[in-house]
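Report on the following structure.
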Amino acid sequence: MDSTPTSPRRLAILISGEGTNLQALIDAQNTPSLPNTCIVLVLSNRKNARGLLRASNASPPIPTAHLSLPAFFKSNPGKSRDEYDLEIARLVLRAKPDAVVCAGWMHILGEGFLDVLKGVRALEREVVVLAREVPVINVHPALFGQFDGAGAVERGFEAFQRGEVNKLGVMVHRVIKEVDRGKPLIERTVEVVKGEAIEAYEERLHKVEWEVIVEATRMVLDEVKPPLSCDGV
Ligand SMILES: Nc1nc2c(c(=O)[nH]1)N[C@@H](CN(C=O)c1ccc(C(=O)N[C@@H](CCC(=O)O)C(=O)O)cc1)CN2
Ligand SMILES: NCC(=O)N[C@@H]1O[C@H](COP(=O)([O-])[O-])[C@@H](O)[C@H]1O
């Protein structure tokens, strides 16, 4: 029985905005919800994402980085979106995460990024060789197969009010090339009321998101690196 303590599980979080899902993960670090876990990088594709402040204001502060597509193209004239995705992969892998969580990350990740994280494609100029695939998960404000892509909350709510769907919810799913089509780790319905304001629905939805993103993150980390149990195994 190996009683040496396992090093903490390392998380990289990708964001684009407010960061309330990130905050849920920050608050859950090293609690029974997310034991023996630390966030080692918060990366945004938008310079002014408030989530970057949440990371910097965390205790201890969490390293942050940001790289927008326009900024990348400006400093790399002629480079492609795929090369942007490879740079994102490079920034992520330098933090040596055990898993990556897209928490309001509003950029469609290309095959280049995904293949690098799977370990099937090497990065130029990097000597990092992946010992194993780094799983990528995403929180999405709809049930599987309902409303893929951006603006899912509004599209779902309006469809419900028109009687086109009878339930709404959120999911955390694995990230694959096809947007929001990766296998769900968790799906959870959210109460929605005919005639209510969308703000009331969104408030309920976000509270459910903050729960499922922590639960799903723990699930995927337990797959790759179980936490140190009380008897050290
Ligand atoms: N390859 C994948 N990439 C991403 C996935 C995924 O499942 N596979 N999930 C998304 C998150 N997401 C929905 O959950 C999502 C985010 C953004 C978009 C989108 O249309 N983005 C546009 C830019 C929009 C903007 O900047 O405002 C784009 O990337 O061109 C769709 C779905 C994370 N990525
Ligand atoms: N398609 C992806 C998508 O719509 N993601 C959604 O962006 C919001 C981010 O909020 P946050 O920045 O406060 O965590 C969340 O509602 C998340 O489900």
Side-chain angles (χ1 to χ4, degrees), residues 11-28 39 42-55 58 64 66-73 80-82 84-86 88-89 92 100-118 121 134-157 168-190 192 198-199 201-217 220:
L11 279 180
I13 315 295
L14 304 186
I15 65 165
S16 296
E18 182 57 38
T20 61
N21 281 279
L22 163 67
Q23 191 64 56
L25 291 166
I26 291 173
D27 297 343
I39 299 171
V42 172
L43 173 59
S44 174
N45 69 331
R46 294 178 187 167
K47 181 178 179 181
N48 301 320
R50 261 180 50 79
L52 293 171
L53 284 177
R54 293 176 186 269
T64 62
H66 59 83
L67 181 61
S68 72
L69 201 53
F72 176 77
F73 285 152
S80 66
R81 185 178 169 121
D82 180 59
Y84 170 78
D85 287 349
L86 292 175
I88 295 294
V92 166
V100 177
V101 183
C102 295
W105 171 256
M106 299 307 286
H107 172 82
I108 297 175
L109 292 163
E111 277 188 293
F113 175 91
L114 298 171
D115 285 349
V116 167
L117 274 287
K118 277 184 218 166
R121 177 173 178 177
V134 177
V136 185
I137 65 175
N138 174 60
V139 61
H140 183 60
L143 298 173
F144 182 75
Q146 269 196 329
F147 301 99
D148 297 340
V153 176
E154 297 77 7
R155 289 183 287 132
F157 182 78
L168 297 173
V170 304
M171 69 170 173
V172 180
H173 64 94
R174 297 182 190 277
V175 172
I176 62 174
K177 177 187 171 193
E178 294 73 23
V179 175
D180 299 330
R181 288 291 162 154
K183 186 170 188 281
L185 288 124
I186 294 179
E187 284 189 279
R188 195 153 296 160
T189 56
V190 176
V192 49
I198 190 170
E199 291 77 13
Y201 168 63
E202 281 186 303
E203 188 176 345
R204 283 195 295 275
L205 178 141
H206 290 313
K207 285 178 181 168
V208 174
E209 282 188 324
W210 302 334
E211 292 172 4
V212 296
I213 197 166
V214 173
E215 291 172 31
T217 298
V220 78

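Counting convention: from 1, in listed order, for ligands and their atoms alike.
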CA sep, side-chain torsions, deciding dist, call: F157, L205, side-chain contact (heavy atoms from CB on, under 4.5 Å): CA-CA 11 Å; F157 182 78; L205 178 141; over 6 Å; no

Heteroatom proximity flag, N21 to ligand 2, N/O under 3.5 Å: yes

Geometric class of the W210/H206 ring pair [parallel <30°, tilted 30-60°, perpendicular >60°]: parallel

V153 backbone acceptor or donor facing Y201 side chain under 3.5 Å: no

Closest contact, heavy atoms only, C102 versus L109: SG-CD1, 4.1 Å

Ligand-side contact atoms (ligand 1) for residue partner V179, heavy atom cut-off under 4.0 Å: 6 (C), 7 (O), 8 (N), 32 (C)

Close-contact set for ligand 1 against H173 heavy atoms, below 4.0 Å: 7 (O)

Expected output: side-chain Q23 to main-chain R54 donor-acceptor under 3.5 Å: no

Ion pair R121/D82, N-O distance below 4.0 Å: yes

Test item: H140 side-chain N/O and F147 main-chain N/O as donor-acceptor pair under 3.5 Å: yes

Nearest neighbour in protein (non-hydrogen) for atom 9 (C) of ligand 2: G104 CA, 3.6 Å

Ligand 1 atoms in contact with V175 (distance to a heavy atom under 4.0 Å): 2 (C), 6 (C), 8 (N)

Atom 17 (C) of ligand 2 - nearest protein heavy atom and its distance: E209 OE2, 3.3 Å

side-chain contact (heavy atoms from CB on, under 4.5 Å) evaluation trace for D85 with V116: CA-CA 10 Å; D85 287 349; V116 167; over 6 Å; no

Residue-ligand contact N45/ligand 1, heavy atom below 4.0 Å: no

Closest protein heavy atom (residue, atom, distance) for atom 6 (C) of ligand 2: P141 CD, 4.0 Å

G149 near ligand 1 by a heavy-atom separation under 4.0 Å: yes

Atom indices of ligand 2 within 4.0 angstrom of V139 heavy atoms, with elements: 5 (N), 18 (O)

Nearest neighbour of atom 4 (C) of ligand 1 from the list V136, L109, L14, I137, on a heavy-atom basis: L109

Close approach of E111 to ligand 1, heavy atoms, under 4.0 angstrom: no

Atom 1 (N) of ligand 2: the protein heavy-atom neighbour that sits closest, reported with distance to 0.1 Å: H140 ND1, 3.3 Å

Contact check, side chains of V170 and I213, non-hydrogen atoms, under 4.5 Å: no

Subset of ligand 2 atoms that lie under 4.0 Å from at least one heavy atom of G149: 1 (N)

I108, any N or O under 3.5 Å of ligand 1 N or O: yes

Salt bridge present between K207 and E203 (N-O < 4.0 angstrom): yes

CD1-CD distance between I198 and E154, expressed to the nearest 0.5 angstrom: 5.0 Å

Nearest non-hydrogen protein atom, atom 34 (N) of ligand 1: H107 O, 2.8 Å

From CD1 (I15) to OG1 (T20), nearest 0.5 Å: 10.5 Å

Winner among I176, D180, N138 once heavy atoms are compared against atom 2 (C) of ligand 1: I176

Single hit among D180, L185, V172 for side chain to side chain contact (heavy atoms under 4.5 Å, CB included) with N138: D180

Q23 near ligand 2 by a heavy-atom separation under 4.0 Å: no

L25/V214 under side-chain contact (heavy atoms from CB on, under 4.5 Å): CA gap, chis, key distance, verdict: CA-CA 6 Å; L25 291 166; V214 173; 4.1 Å; yes

Any N or O of L22 closer than 3.5 Å to N or O of ligand 2: no

Close-contact set for ligand 1 against W105 heavy atoms, below 4.0 Å: 11 (C), 16 (C), 33 (C)

Flag side-chain contact, heavy atom, 4.5 Å: W105 against I88: yes

N/O separation below 3.5 Å, D180 to ligand 2: no

Heavy-atom donor-acceptor pair, R155 side chain to A150 backbone, under 3.5 Å: yes

Exercise: identify the closest heavy-atom pair between R174 and V220: NH1-CG2, 3.9 Å

Heavy atom of the protein closest to atom 13 (O) of ligand 2 (residue, atom name, distance): T20 OG1, 2.5 Å

Within reach of ligand 1, part of R174 (heavy-atom separation under 4.0 Å): neither

Contact with ligand 1 for M171, non-hydrogen, under 4.0 angstrom: no

For atom 12 (O) of ligand 2, closest protein heavy-atom neighbour: G19 N, 2.8 Å

R81 to ligand 1, any heavy atom closer than 4.0 Å: yes

Pick from K177, H140, M106: the one approaching atom 21 (N) of ligand 1 most closely through a non-hydrogen atom: M106

Any N/O pair W105/ligand 2 closer than 3.5 Å: no

Contact atoms of ligand 2, heavy-atom distance to H206 under 4.0 Å: 16 (O)

Identity and separation of the nearest protein heavy atom to atom 2 (C) of ligand 2: M106 SD, 3.7 Å

Closest protein heavy atom (residue, atom, distance) for atom 27 (O) of ligand 1: R46 NH2, 2.8 Å

Test item, A150 contacting ligand 1 (heavy atom, 4.0 angstrom): yes

